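What follows is a short report on a single structure.
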Amino acid sequence: MLNIAVCSRWHPHATGYGRDFAAHPECNVTVIWDEDPVRGAEWAKELGCDFEPDFDKVLARADVDAICSTAPTSMHKELYVKAAAAGKHIFTEKVLSATKAEALAVKEAVEKYGVKFVISYPFRTSASIIYAKKLIEDGTLGKVNYVRVRNCHNGISDNWLPADFTNPETTGGGAMMDLGAHPMYILSYLLGKPENVVSCYNKLYNTPVDDNCVSVIEFENKVIAVSETGFVTCADPFSLEVHGTEGSFCTGGAAGGTWLYTRKTEGMGEKAWIRPNVPKPTVPSAINQFVGACLRDEEIVFGIDDAIKLSELMEGAYKAWKEGRKVEFSELDA
């Protein structure tokens with residue numbers, strides 16, 4: 001049995017993670033910690049476990065093997081370095097940090113103390129995303145040259161997003177840092193190492209953070225990729241497009257479904273759009289990866305190195321917006 005300390009109800013997804021870990025047959029939520037003691041104590045009552053306002057005391061407990069963290073992004077480095085030093089495994093909501101340097105500091109601690117680390121990337125378990133990766137790698141689409149991912153909601157325009165998520169000091173950014181994490185980690189998974197980025201963000205509702213965003217990234221393989229997100233769109237389902245010299249793949253969007261056009265592979269509808277037979281996904285959920293890794297040393301599919309790649313993309317994208325120029329990702333290593 002894996003004993004879990006669930007840390008902070010700050011993030012909108014926190015309640016779901018707490019519920020899922022509590023319901024997992026191989027987990028036991030033993031304690032809640034929250035930087036807001038009132039909020040944390042109420043949550044502990046809901047989950048029927050202890051509340052401890054002192055994070056160091058949480059880490060000292062014998063009945064805590066790991067933490068599930070949905071704490072403010074600005075707190076991640078401090079919390080995770082402490083957790084690793086205490087020998088506690090780490091499950092985190094995205095993003096790991098707003099900068100690559102902070103993410104690397106967490107990696108150093110994770111590796112030094114030998115703890116498991118999993119970041120929650122739900123789209124990495126999606127059948128259509130895994131299939132897109134296969135199409136790129138097996139050459140079905142020819143030489144891939146353009147990828148677009150869009151993921152939006154109306155959290156600010158319809159006024160349901162928690163106020164904490166418009167505080168750049170704790171979030172590290174707005175729509176791109178939060179919801180835009182999904183397009184960013186998908187692009188990293190599909191395309192590899194980024195080379196440079198330009199960004200156009202604005203504040204349609206005059207909040208302290210960006211709420212309507214586009215970043216254009218050139219990857220080292222010369223693919224141009226577009227990451228789109230926002231908190232101001234009422235009807236805009238997730239969509240992915242992958243285009244190459246021999247075909248195109250699209251999934252989601254207003255039309256829905258998954259579509260493939262190819263003139264390269266026989267039996268797949270030559271020179272026509274078809275609905276491909278997408279294999280069922282075989283990648284476990286982030287929570288199941290974490291539990292399996294902690295209890296049985298099973299494979300982690302998206303771990304600390306994947307988390308660093310997302311932080312790198314975010315830091316470069318926000319730097320490009322704030323400075324109004326193209327940013328080379330090599331600058332982040334200077």
Side-chain angles (χ1 to χ4, degrees), residues 11-14 16-17 20 69-70 73 76 91-98 103 118-133 136 146-156 160-162 165 171-192 194 197 199 201 209-217 219 223 225-242 249-254 256 258 281 283-287 289 301-303 305-318 321:
H11 198 284
H13 294 165
Y17 286 117
D20 291 346
S69 172
T70 44
T73 306
H76 285 185
F91 178 96
T92 183
E93 174 62 302
K94 45 74 181 160
V95 298
L96 172 55
S97 66
V118 171
I119 190 165
S120 183
Y121 286 172
F123 280 100
R124 286 283 306 270
T125 68
S126 162
S128 59
I129 302 301
I130 296 169
Y131 187 63
K133 176 76 167 176
I136 292 170
Y146 181 84
V147 178
R148 172 181 171 267
V149 190
R150 183 168 179 82
N151 191 41
C152 303
H153 63 50
N154 59 357
I156 283 181
W160 58 259
L161 196 69
F165 263 60
T171 61
M176 187 58 78
M177 186 65 70
D178 176 50
L179 197 59
H182 297 293
M184 287 296 200
Y185 70 68
I186 289 170
L187 291 173
S188 176
Y189 168 62
L190 295 179
L191 301 176
V197 58
S199 298
Y201 304 168
V209 296
D210 47 290
D211 61 18
N212 192 29
C213 312
V214 176
S215 288
V216 180
I217 307 157
F219 283 78
V223 177
V226 181
S227 174
E228 303 176 12
T229 194
F231 291 154
V232 294
T233 307
C234 72
D236 195 357
F238 171 87
S239 61
L240 165 69
E241 301 174 20
V242 183
F249 174 79
C250 302
T251 188
T258 298
V283 177
S285 71
I287 287 178
Q289 286 180 48
V301 181
F302 25 94
D305 288 330
D306 300 278
I308 291 167
K309 291 173 185 176
L310 176 56
S311 291
E312 178 184 44
L313 281 170
M314 287 299 186
E315 183 179 9
Y318 273 91
W321 170 49

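Note that the coordinates shown come from a computational prediction; the quantities given were computed from them, not determined experimentally.
Across Val197 and Ser215, no two heavy atoms sit closer than the pair CG2-CB, 4.2 Å. Counting all heavy atoms, side chain and backbone alike, Gly252 lies closest to Ser239 at C-CB, 4.2 Å. Scanning all heavy atoms of the two residues, the minimum distance from Ala132 to Val242 falls at CB-CG2, 4.4 Å. When all heavy atoms of Ile119 and Ala286 are compared, the closest pair comes out as O-CB, 4.1 Å. For the residue pair Asp236 and Cys152, the shortest heavy atom distance occurs at OD2-SG, 3.7 Å. Residues Asp306 and Val301 come closest through the heavy atom pair OD2-O, 3.6 Å.
In this pair, His182 and Tyr185 present their aromatic rings perpendicular. The plane angle is above 60°, beyond the 30 to 60° band.
Considering only heavy atoms from C-beta on, Phe249 stays 4.5 Å or farther from Ile136 through its side chain. Put simply, the side chain of Pro194 reaches to within 4.5 Å of the side chain of Glu312, judged on heavy atoms. Looking only at side-chain heavy atoms (C-beta outward), His153 and Thr233 stay at 4.5 Å or farther from each other. In this structure, the side chains of Tyr189 and Ile130 come closer than 4.5 Å at one or more pairs of heavy atoms. By the 4.5 Å heavy-atom criterion applied to side chains, Asp178 and His11 are counted as neighbours. Taking the side chain as every heavy atom from C-beta outward, Leu240 and Phe123 never approach each other to under 4.5 Å. Between Phe302 and Val283 the shortest side-chain heavy-atom distance falls below 4.5 Å. Side-chain contact check for Ser227 versus Met176: some heavy-atom pair is nearer than 4.5 Å.
Checking side-chain atoms of His76 against main-chain N and O of Ser97 turns up no donor-acceptor pair under 3.5 Å. Panel note: side chain Thr229, backbone Asn151; a donor-acceptor pair is recorded below 3.5 Å. Side-chain N or O atoms of Thr258 include none that pairs as donor or acceptor with a backbone N or O of Thr251 at under 3.5 Å. Checking side-chain atoms of Asp210 against main-chain N and O of Ala175 turns up a donor-acceptor pair under 3.5 Å. Within the 3.5 Å criterion, the main-chain N or O of Ala98 finds no donor-acceptor partner in the side chain of Glu315.
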Verdict with reasoning, Thr125 to Ser285, per side chain to side chain donor-acceptor pair (under 3.5 Å): CA-CA 6 Å; Thr125 68; Ser285 71; over 6 Å; no
side-chain contact (heavy atoms from CB on, under 4.5 Å) evaluation trace for Val226 with Val214: CA-CA 7 Å; Val226 181; Val214 176; 3.8 Å; yes
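Taking CG of Asp20 as the start and CD1 of Ile287 as the end, the distance is 4.5 Å to the nearest 0.5 Å. Taken from CD in Gln289 to CZ in Phe91, the straight-line distance is 9.0 Å, to the nearest 0.5 Å. The distance from atom CG of Leu310 to atom CE of Met184, rounded to the nearest 0.5 Å, is 8.0 Å. Atom-to-atom distance recorded for Ser188:OG and Phe219:CZ is 6.5 Å, nearest 0.5 angstrom. Between atom CG of residue Asn154 and atom SG of residue Cys234 there is a gap of 6.5 Å, rounded to the nearest 0.5 Å. We find the CE-CE distance between Met314 and Met177 to be 6.0 Å, quoted to the nearest 0.5 Å.
Checking Thr73 against Thr171 by side-chain atom types alone, no donor-acceptor pair falls below 3.5 Å. When only modelled atom types and interatomic distance are considered, Tyr17 and Ser120 share a side-chain donor-acceptor pair under 3.5 Å.
The distance between the ring centers of Tyr201 and Tyr318 falls below 6.0 angstrom.
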